[in-house]
2 protein chains.
Amino acid sequence: MNTQKILLVDDEPDILEFIRYNLEKEGYKVFTASNGVKAIELAQKENPQLIILDVMMPDMDGIETCNEIRKIDKLKNAVIAFLTARNEDYTQIAGFDAGADDYINKPIKPKVLVSRVKALLRRINGEQDGTALTLGGIEIDREKYIVRKEGKEYNFPRKEFELVALLMSKPGKVFTREEILSRVWGDDVVVGDRTIDVHIRKLREKLGDEYIRTIKGVGYKFEF
Amino acid sequence: MNTQKILLVDDEPDILEFIRYNLEKEGYKVFTASNGVKAIELAQKENPQLIILDVMMPDMDGIETCNEIRKIDKLKNAVIAFLTARNEDYTQIAGFDAGADDYINKPIKPKVLVSRVKALLRRINGEQDGTALTLGGIEIDREKYIVRKEGKEYNFPRKEFELVALLMSKPGKVFTREEILSRVWGDDVVVGDRTIDVHIRKLREKLGDEYIRTIKGVGYKFEF
DNA sequence: TATAATAGGTAACAATTACTTAACCTCAAT
DNA sequence: ATTGAGGTTAAGTAATTGTTACCTATTATA
């Protein structure tokens, strides 16, 4: 296997060097950038498998940088992790929307960092793990495209699967109809108003009514 | 040839006796154990060529038992098969990590059981494999480019072989059309839309419809 | 070398499944 | 009571996949 490339983005040199040290010790090839613009340049050039972004940065913050990176085609498959201070709840929500794959909390502990990085990189190299998400007895497995409930497996049609996966990706968060349309159907597709309802209904039929809650006038959320 | 020893482990006496009856009829020497601890003891003493483990057992489940057995040096070459209920959480593919060689689905049909056991034992006696992979009664041999099903051998054309080998390499995982094209045909080859379908059809014709499942809008996967 | 057999691919159409819509219903807030 | 948001159902529509027959290239066989 090729040496893995990691791009590290933070405005604090100390943190940059601290993380670099710990990752290079593990044999990774580490690139660093001190701001979003440089990060994007480097990412274009080096095509890293994993990008670690500090959320809090001057000028262009991590989320914005993430959004820009996600627009670059050849980086579509890169794994992006955010560095955040503990308990930055709002940030996290925005971060998942931006397509983050994981969060790493500061202060950083070397061991945690390394094992997390390994787990994230394993995802790319096909190896089993991390693909399943379990919440309130319901498990969705992206890789196998299966939903499990109480040991039984169900094959959901594509839209239903994407919909439940979206809602579960951020349990408790209310997804507006707009958001749902944009992320499950795509921005250019135009569908009628009742389409979402019908899909929600099908999900409730299969999972039970207790998981998906309607927030009238706002949207839907997953609860457990 | 020496009489072959088979160790059977299940907590349900009925199943134990049912299988024992069918295997003894074929001339095998069958030992039974009702739990993992006894199984390990017996395995140590009798050194069976084949061990059939029920996955679901109280206290020490099949996978755990398997892990313990694999630690015993003289049992390194034993073939281990799991008994599983159909549609049971495929999580057990974790069983492969534990070093399982095959899965046998419940409910058990005598004929299927016997031919399966024969196929597994054939591996030990004489025919050295190393590159063979057996799943749900289908065995693919990368070296000889041969597919075996219930004792019969089939010569698959290259593409068909590569396709089934790919799907079986990660049972349960959905391979997108894109992935399949890239890995069986290569990234630069351009083939029409229906090409994959036709090959899938040929495989289903030869193996039976129950192995390859279509996930509409996503891809195909191997199931057993 | 001619001929046959096999493998791989394509096109046309059938079948299936998923998705969307329309029409109508319910419920709660004003 | 009226309105508006969402729920429900059945049926229509679109998209994806299955199937068959046929063509071409390659490899085996006489």
Side-chain angles (χ1 to χ4, degrees), chain A residues 140 142 145-147 153-167 174-223, chain B residues 140 144-147 153-167 174-223:
Chain A
I140 60 167
R142 278 215 154 273
Y145 236 81
I146 272 176
V147 177
E153 296 188 346
Y154 302 91
N155 289 285
F156 281 29
R158 196 153 92 255
K159 292 282 196 278
E160 283 170 51
F161 187 89
E162 297 296 344
L163 178 53
V164 73
L166 173 65
L167 294 177
V174 180
F175 290 86
T176 65
R177 282 159 175 276
E178 216 177 56
E179 255 176 302
I180 291 171
L181 278 179
S182 145
R183 299 190 49 187
V184 176
W185 274 262
D187 286 311
D188 29 64
V189 190
V190 181
V191 291
D193 246 21
R194 300 270 67 71
T195 301
I196 292 175
D197 307 42
V198 171
H199 284 271
I200 291 282
R201 192 189 149 276
K202 285 178 183 159
L203 286 178
R204 285 177 173 153
E205 206 169 59
K206 289 172 183 170
L207 300 174
D209 286 348
E210 62 273 35
Y211 294 100
I212 298 169
R213 153 168 286 175
T214 305
I215 310 297
K216 249 193 142 168
V218 187
Y220 297 92
K221 70 170 164 178
F222 186 91
E223 277 190 337
Chain B
I140 59 170
K144 296 179 183 152
Y145 245 78
I146 274 175
V147 178
E153 291 194 348
Y154 303 91
N155 283 292
F156 278 32
R158 246 182 312 285
K159 296 286 185 212
E160 282 170 52
F161 187 88
E162 296 296 344
L163 178 52
V164 73
L166 173 64
L167 295 178
V174 179
F175 290 86
T176 64
R177 281 160 177 275
E178 219 177 47
E179 254 175 302
I180 291 171
L181 278 179
S182 143
R183 299 187 52 184
V184 177
W185 274 263
D187 285 312
D188 29 64
V189 190
V190 182
V191 290
D193 248 20
R194 300 270 64 70
T195 300
I196 291 175
D197 308 41
V198 172
H199 283 268
I200 291 283
R201 191 187 149 275
K202 286 176 184 163
L203 285 178
R204 296 216 254 235
E205 210 167 57
K206 289 171 184 171
L207 301 174
D209 286 349
E210 62 273 36
Y211 294 100
I212 298 169
R213 156 169 252 150
T214 305
I215 310 297
K216 243 193 147 167
V218 188
Y220 297 92
K221 68 170 153 180
F222 187 90
E223 277 191 335

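Below, all heavy atoms of this structure are taken into account, side chains as well, without hydrogens, waters or symmetry copies. By convention in this document, chain letters (A, B, ...) are assigned in the order of the sequence lines, proteins followed by strands, and residues within each chain are numbered from 1.
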Visitor: On DNA chain D, which is the earliest and which the latest nucleotide, 5' to 3', with an atom closer than 4.0 Å to a heavy atom of chain B?
Guide: dA15(D) to dT20(D)
Visitor: Which is more 5' along DNA chain C, the nucleotide nearest Lys159(A) or the one nearest Lys216(A)? Just name the residue.
Guide: Lys159(A)
Visitor: Which comes earlier along DNA chain D counting from the 5' end, the contact point of Arg158(B) or that of Tyr220(B), where each point is its nearest nucleotide?
Guide: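 On the 5' side of the pair lies Tyr220(B).
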Visitor: Quick check for you: to the nearest 0.5 Å, what is the distance between Lys202(B) atom NZ and Lys159(B) atom NZ?
Guide: 11.5 Å
Visitor: Within less than 4.0 Å of OP1 or OP2 of dT20(C), is there a side-chain N or O belonging to Trp185(A)?
Guide: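 Yes, within the criterion.
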Visitor: Check each residue of residues 192-203 of chain B for a non-hydrogen atom within less than 4.0 Å of any atom in DNA chain C, then write out the ones that pass by number, or none.
Guide: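 Those residues are Gly192(B), Arg194(B), Thr195(B), Val198(B), His199(B), Lys202(B).
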Visitor: Measure the distance from CZ on Arg213(B) to C1' on dT16(C) and round it to the nearest whole Å.
Guide: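 One finds 14 Å between C1' of dT16(C) and CZ of Arg213(B), rounded.
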Visitor: In whole Å, I'd like the distance from the CD atom of Glu160(B) to the C1' atom of dG9(C).
Guide: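 Rounding to the nearest Å, CD of Glu160(B) and C1' of dG9(C) are 12 Å apart.
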Visitor: Can you see whether Tyr154(B) has Lys206(B) sitting over its ring - NZ or CZ less than 6.0 Å from the centre and within 45° of the normal?
Guide: no
Visitor: Of all residues at least two apart in sequence or in a different chain, which pass the ring-ring contact (aromatic ring centres under 6.0 Å, His included) check with Tyr211(B)?
Guide: Phe222(B)
Visitor: Taking atom P of dT20(C) as reference, at what distance in whole Å does atom CD of Glu162(A) sit?
Guide: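 Interatomic distance, CD of Glu162(A) to P of dT20(C): 13 Å.
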Visitor: Going by the rule side chain to side chain donor-acceptor pair (under 3.5 Å), which residues pair with Glu162(A) if we only count those two or more places apart in sequence or in a different chain?
Guide: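 If we apply the side chain to side chain donor-acceptor pair (under 3.5 Å) test to Glu162(A), skipping adjacent residues, the hits are Arg142(A), Tyr145(A).
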Visitor: For residues 184-194 of chain A, which residue pairs qualify under salt bridge (charged side-chain N to carboxylate O under 4.0 Å, His left out), counting only residues two or more places apart or in two chains?
Guide: Arg194(A)-Asp197(A)
Visitor: Identify the heavy atoms of Arg204(A) and Arg213(A) that sit nearest to each other, and give their distance.
Guide: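 That closest heavy-atom pairing would be NH2-C, 4.0 Å.
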Visitor: Report the residues that fulfil side chain to side chain contact (heavy atoms under 4.5 Å, CB included) with Arg201(A), sequence neighbours left out, ordered by chain and then residue number.
Guide: Glu205(A)
Visitor: Check the surroundings of atom CD in Glu210(B): do more than 12 heavy atoms from other residues, nucleotides or ligands lie under 6.0 Å from it?
Guide: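 For Glu210(B), atom CD is crowded (more than 12 foreign heavy atoms under 6.0 Å).
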Visitor: Regarding Phe156(A), tell me which of base, sugar-phosphate or nothing describes its non-hydrogen contacts under 4.0 Å with the strands shown.
Guide: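 If one applies the 4.0 Å heavy-atom cut-off, Phe156(A) turns out to touch nothing in the nucleic acid.
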